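These notes are about the structure you will find just below.
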Amino acid sequence: MSDFDVAFKFLLENPTMEVFIGFATQVEMMASRIPSDEMKSNILKVFTSILSDRKFHEIRVNEEVLRIYNLLAGCSQRLGATGVYEQIEKKGYFEKSLKFHLQWAEQYGKANNLEKFKHVLDLARDRLKSTMANNKIEAGFRDLADSYFKDDVDYLFLDPDNTMAIFDSRYIGKPKNRRRSSINMLRRGCPVVDPTKKNFFGPKTKSLLRSEFLDGENGFGTSPEEFRFALLNDVAGDEMDIEMDEETHIVPNNKTADFSIVKNENRRRQLSIVDEERNTSDEADSEKKSRIYSPIVATKDAIRVPLRNASFLNEKPPTTITLSSDTKLSAFDNESFGEIEKDNNEKLREMESGRKERTSSESEKSTRSQKSNVGLDILAENNCLEAHAAFSDTVHIGKERTMMHEEHTMMEDLKSLASTQNVTTDFSVYCDPDPTFVVHSNAVNSEDVPRGLNMRYDEQSPEHQEVLKPKPVVEVGAMDDASYNTPPSTKTTEKYWDDSLIVGFTPGNVITSTPAAHIPFVNVEDYFGNTQNIEKPQEERPQFVIPDATGILQNRLNRRKSTAPAKQVEVETKPTPFDESLSEQLGRRLSLGPEEMANKLVEAAPVEVEETGRKDRRRSEVIRQENNPWDENLRARIMRVVPTPTNMHEFETISPKILAMKSFEAGGETYDIRTLLGQGGYAKVYKAITEEKKMVAVKYEIPSCAWEVYICDQMRTRLLARNDLTTQIIANQCIMQVTDAYIFSNASLLVNEYHEFGSLLDNINNSKDPNWHISCFLLVQLAKILEQVHECGIVHGDIKPDNFMITRKIDMGWEADKLMGTDVFVVKLIDWGRAIDMSRLKEREFKGRAGTEGFDCPEMIDGRGWTYQPDFFGYAATMTVLISGTYSKVVGSELGDYSLDVDIKRRNKLRDPAMEIVKDYLNIPSCSQLPKWSTAIDSFTNVWRENFDISAWRQAAAKFNEACEKSKK
Ligand SMILES: Nc1ncnc2c1ncn2[C@@H]1O[C@H](COP(=O)(O)OP(=O)(O)OP(=O)(O)O)[C@@H](O)[C@H]1O
C-alpha cells in the first residue's frame with residue numbers, strides 16, 4: 001500500500017474534519033515528491049468519494065477541501081487549473097469563501113488573464129460584502145495582482161494602498177528628498193465617493209480633511225486614528241513619509257485642496273536629509289514605507305456601502321494609497337523591482353550563511369506565499385523563511401514549515417500506523433529506571449522514607465549503597481512516592497566531577513536542596529492530605545524540613561501530585577531489552593553530534609530506534625568533560641540532591657510511540673495527540689488533548705531528558721521561595737511549568753501548557769513591521785525574566801526568539817503606566833534542556849560551544865571560559881531580531897570589539913540603547929565582571945517613558961495581536 005493509500009484509508013475509516021485536515025497536510029507533502037500523474041489519479045480517487053459519499057457531506061463544503069482542489073489544479077492538464085476552478089464554481093459550494101475566490105483568481109493571475117482576474121475579484125466583492133470589510137476582501141487580491149501583473153492595476157481596487165505610492169514609478173530613482181507628508185498621503189487616498197456632494201472631502205474638493213469626520217453615508221475616508229497618527233507623524237517627523245517638492249518644502253499635492261495642515265505655515269518646515277539615508281539608497285527607501293495603520297477593530301460603520309457603487313463602477317478611482325493595515329508592497333516598475341529584489345537576495349545570502357543551504361527543490365517548492373516581497377526584510381515571507389532558517393532550523397514559515405515539520409513524522413506515522421495499532425504498552429513502574437533521578441536515602445528500605453519537602457538525603461551512607469529492587473507491584477497513582485523511594489545507584493562517580501564540585505553536595509554529609517536550619521518539621525503528606533495512608537507514626541520518620549519561605553509550601557500545595565489515577569499494575573518481571581536505561585547510555589546528548597547520536601541510538605536499541613529531533617539542529621562539538629556543564633553524569637549528581645518533582649513519573653519500559661492523530665496512555669492518563677507544533681534539535685512538541693478535554697503541549701524527546709523537569713521545578717521553587725510579588729508572577733506566568741512528566745527508559749514526555757499564539761519568532765515573522773513600541777515592551781519583559789532566572793542561579797543556555805512562547809494577546813485596556821510593570825507579561829521562557837544549575841556549580845567556568853548554531857557567544861567562539869554569558873548574548877541577538885526583524889551575525893575578533901551586524905534604522909528610537917546593549921553584553925570582560933540586566937531594563941524603560949504615545953501603542957498592540965492570530969497552530 002502506498003503512503004497515499006494508507007492515509008486515504010484512514011480518512012475513509014474516520015471521515016471527520018480533523019482527520020481530513022491531517023490528510024490534506026499529508027497529501028500536500030506528498031505532492032512535492034509524487035509524480036504529477038500519480039498524484040492526479042490519487043486525488044481523483046479522493047474526490048470520487050468526497051463528492052459522492054454521504055459521510056463526507058460536511059467535508060465536501062468545507063474550505064479545507066480547497067487544499068486538495070488546489071493540488072488537482074496543479075496537475076490537471078485537460079481542464080487546466082482555471083478550468084478546475086470554473087467547475088468548482090459551478091458547484092456553488094464556496095460562494096461565500098474568500099479563500100476559494102483567491103485561489104481561483106490566482107489561477108488567472110498565473111495565466112496573466114487580467115480580465116478574468118477582475119471578474120473573480122468583482123464576484124468576491126459582491127458575494128462577500130455583507131460578511132467582511134472591503135479591505136479584507138481586497139488584501140489577498142492585491143497581493144495576487146502584485147505578484148502576477150506587471151502593469152499598474154491599482155484601479156482594480158477600491159481600498160487604497162499607500163505602500164504603492166512608495167514605489168510609484170514617479171518617485172523611483174528620484175532624489176531622496178522626495179517624501180510625502182502623512183496627511184498628504186491620506187488626502188491623496190481619499191476616494192471620490194460622490195462628486196455631487198460638495199461637502200465631502202477628497203481630491204478635487206475643497207472640504208477639509210478633518211479628524212472628526214470620517215465616514216459618510218456614501219463611503220468612508222480616514223479613521224480618526226489614521227488622521228491623528230498622520231498628524232503626529234508630520235509634527236514629529238518620525239517614521240514618516242513627507243512629500244516634498246524639489247526645494248524640500250511640504251506642498252499640498254493638490255493646489256486646490258484646502259487642508260488645515262497645509263494652511264498652517266508653521267508646519268512648513270524644512271526637512272534635513274540624513275547623510276546616511278542619502279547613501280543607503282534602496283535600503284532607506286524600503287524603510288520609508290508607510291506606517292499609517294488602519295484600526296484593526298472596525299470603526300462604527302464597519303459594514304459599508306462599497307465605495308464604488310453603481311454610478312462609479314466605470315470610473316477609475318483616484319490613485320490610491322494605503323489606509324489599510326496591509327503593508328505588503330505592490331507592483332512597481334521592473335527596473336526598481338529588479339534592483340530591490342537584487343538587494344534583497346543579497347541579504348538573503350548573508351542570512352543564509354549561518355545555516356545549511358536549502359536545496360533547490362525546496363526553493364522550487366515555494367508557493368506564491370513564499371514569494372519575496374521587496375523591501376521589507378522580515379515582512380516578506382520568503383525572507384521570513386530565510387531569516388528563520390538562518391536563525392533556527394526548528395520551525396519554518398507558513399505552509400512549508402508545517403510540511404517540513406510534519407513530513408517526516410507523518411510519513412513515519414503512516415508507515416507505522418498499521419503496525420502500531422495493536423501495540424500494548426506496559427506501564428509497570430520501576431522504582432529506579434533512570435539514574436538521573438536516583439535519590440539516595442538514609443532509609444534502610446524504601447518504606448522508611450517519608451515523602452517530604454526538601455527531605456534530607458545522605459548520598460554516601462555506605463549501608464545504603466546497595467540497589468534496592470523494585471517492588472513487584474506499585475500504585476501508579478503513587479508514582480512520585482515510589483520514585484522517592486528509589487534506591488541508590490551503583491554507578492561509580494564519574495572521572496572528572498567530584499562531589500565537592502557540586503554545591504550542597506558534600507560526600508557523607510546530610511544535605512538539603514535549600515539548607516534551612518531552625519525550620520519546623522513539615523510532613524508533606526499532611527499537605528497533600530494523604531495522612532490517612534501513612535501507617536507509621538510520624539516520630540519514626542527522619543526529619544525533613546522546609547525552607548523558610550511559605551511560597552515553596554504554597555507552591556508545592558498548588559502543584560498536582562499526580563494526575564494518574566491510583567491503580568494496580570503489575571511490574572514487568574522480564575528484563576527490558578536494555579540492561580541500562582537508554583538515557584544513561586546516551587548521556588551528554590548536548591555534546592553529541594548528529595552522527596554520534598544516531599549511532600548511539602542504534603547501538604542502544606537496535607529495534608526501537610526513533611529520533612525526535614532534527615539532526616541538522618544538533619551540534620557536533622564534543623566538549624571536554626571537565627568543561628561540560630551538560631555532562632549527564634554531572635546532571636544526575638545534581639538532581640540527586642533534591643527530591644523528585646511530584647509530577648514526575650518514571651517507567652522502566654520504553655515510551656509509547658507518539659504519533660500525530662493517535663492517542664497514548666501514560667501513567668493512567670490518556671492523551672489524544674493532534675498536530676506537531678514544533679521540532680527542535682532534540683524533541684518534537686505535539687498538541688494534545690487530555691481526558692479532561694484540556695489542550696496541552698507534549699514534548700516528546702529521545703533520549704529522555706529528566707533534567708528539563710528538574711530545572712523547571714527548581715526555577716519555580718526558587719522563584720517562589722523569594723516570596724516577592726514580581727518573582728511570583730514570573731514563576732507563574734513566565735517560566736515553563738511541567739504539569740506532568742513521564743520519564744521512560746528511552747524517551748521522555750513532558751506535558752506543559754499549550755500556547756496557541758506560537759513563539760516570539762512566529763510573532764516577529766507574522767508582524768509585518770517591527771514596531772518600536774512592541775519591541776521595547778517585549779525587550780523589557782525578556783530582560784526582567786532573565787534577570788530573575790540568573791538571580792536563581794540558573795543559566796538558561798538557549799535564549800532565542802523561538803524559546804519564548806507568547807502566552808496572551810495584549811489587552812487594550814491595560815493602563816499606560818502599567819505597561820512597563822509586572823502585571824502584563826505576555827511571554828514565557830521554554831526549552832530548559834540546556835540549562836545549567838550554577839547554584840550547584842559555583843565558581844565553575846565552562847568551555848566549548850554547544851548552543852544553537854549562530855547563537856554561540858563570543859566566549860564560546862574564542863574558547864574563553866563562560867558562565868552566564870550565553871544568556872546575555874542570546875538576549876542581545878534576540879533583541880536585534882525583535883528590533884530589526886532580521887537575524888544578525890557576530891562581528892569582531894577580540895574582546896572589546898565584538899558586535900552584531902544589525903542594521904537598525906537611524907530613526908528607530910531603540911537604536912542607541914540597543915547598540916549600547918550589544919556592546920555591553922557581547923564584550924564581557926570575565927565571568928566575575930558580568931553585565932547587569934538592569935542596563936537593558938532601565939534604558940528601554942527610559943526610551944519608553946520619553947516616547948510613549950498611546951494611540952501609536954494601540955496600533956502596534958493591535959498588530960501584535962493580529963500576528964498572534966496568524967501564529968495560531
Ligand atoms: N508549550 C508549547 N506550546 C506551543 N508550542 C510549543 C510549546 N513548547 C514548544 N513549542 C514549539 O515547539 C518548538 C520546539 O520546542 P523546544 O524548543 O522545547 O524543542 P527543542 O528540541 O528542545 O528545541 P531546541 O533545538 O531549540 O533545543 C518551539 O520552538 C515551539 O515552536
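The structure displayed is predicted, hence computed values, not measured ones. In each ligand, atom 1 is the first atom listed, and ligand 1 is the first ligand listed.
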### Message
So does T867 get a backbone contact from the side chain of Q869, meaning a donor-acceptor N/O pair under 3.5 Å?
### Response
yes
### Query
For H755 and ligand 1, does the shortest N/O to N/O distance drop below 3.5 Å?
yes
### Task
For the residue pair H796 and W832, categorise the inter-ring angle as parallel (less than 30°), tilted (30 to 60°) or perpendicular (more than 60°).
perpendicular
### Query
Quick one: which of K800, M736, K699 has a heavy atom closest to atom 16 (P) of ligand 1?
K699
### Message
Distance under 4.0 Å to a non-hydrogen atom of N803: what atoms of ligand 1 satisfy this?
### Response
17 (O)
### Message
Taking 4.0 Å as the limit for heavy-atom contacts, which would you say applies to I830 with ligand 1: side chain only, backbone only, both, or neither?
### Response
side chain
#### Entry: Heavy-atom side-chain contact between I836 and W630 under 4.5 Å
yes
#### Entry: Y742 and Y671 aromatic ring geometry - parallel, tilted or perpendicular at 30°/60° bounds
perpendicular
#### Entry: Part of D798 with heavy atoms under 4.0 Å of ligand 1, whether side chain, backbone, both or neither
side chain
### Task
Can you sort out which atoms of ligand 1 are near D802, meaning under 4.0 Å from one of its heavy atoms?
28 (C), 29 (O)
### Query
Which atoms of ligand 1 sit under 4.0 Å from any heavy atom of G678?
12 (O), 13 (C)
#### Entry: Subset of ligand 1 atoms that lie under 4.0 Å from at least one heavy atom of Y682
21 (O)
### Query
Which one holds for E756 and ligand 1: side chain close, backbone close, both close, or neither close, with close meaning a heavy atom under 4.0 Å?
neither
### Query
Is the side chain of S767 donor-acceptor paired with the backbone N or O of F960 at a distance under 3.5 Å, no angle test?
no
### Shortest non-hydrogen contact between K684 and Y686, atoms and distance
CD-OH, 3.3 Å
### Query
Side chain or backbone of A697 under 4.0 Å from ligand 1, or both, or neither, by non-hydrogen atoms?
side chain
## Note on the structure
Under 4.0 Å from one or more heavy atoms of N752, ligand 1 contributes atoms 1 (N)
### Per-atom contacts, ligand 1 versus L677 - under 4.0 Å to a heavy atom
4 (C), 5 (N)
### Task
Spell out, as yes or no, whether a donor-acceptor pair under 3.5 Å connects the side chain of N766 to the backbone of D762.
yes
### Message
For the backbone of D798 and the side chain of N803, can you confirm whether one donor and one acceptor N or O come within less than 3.5 Å of each other?
### Response
yes
### Query
Out of V751, L750, V685, who gets a non-hydrogen atom closest to atom 14 (C) of ligand 1?
V685
### Query
More than 12 foreign heavy atoms under 6.0 Å from NZ of K968: is that the case here?
yes
### Query
Can you check whether A683 has an N/O within less than 3.5 Å of an N/O in ligand 1?
yes
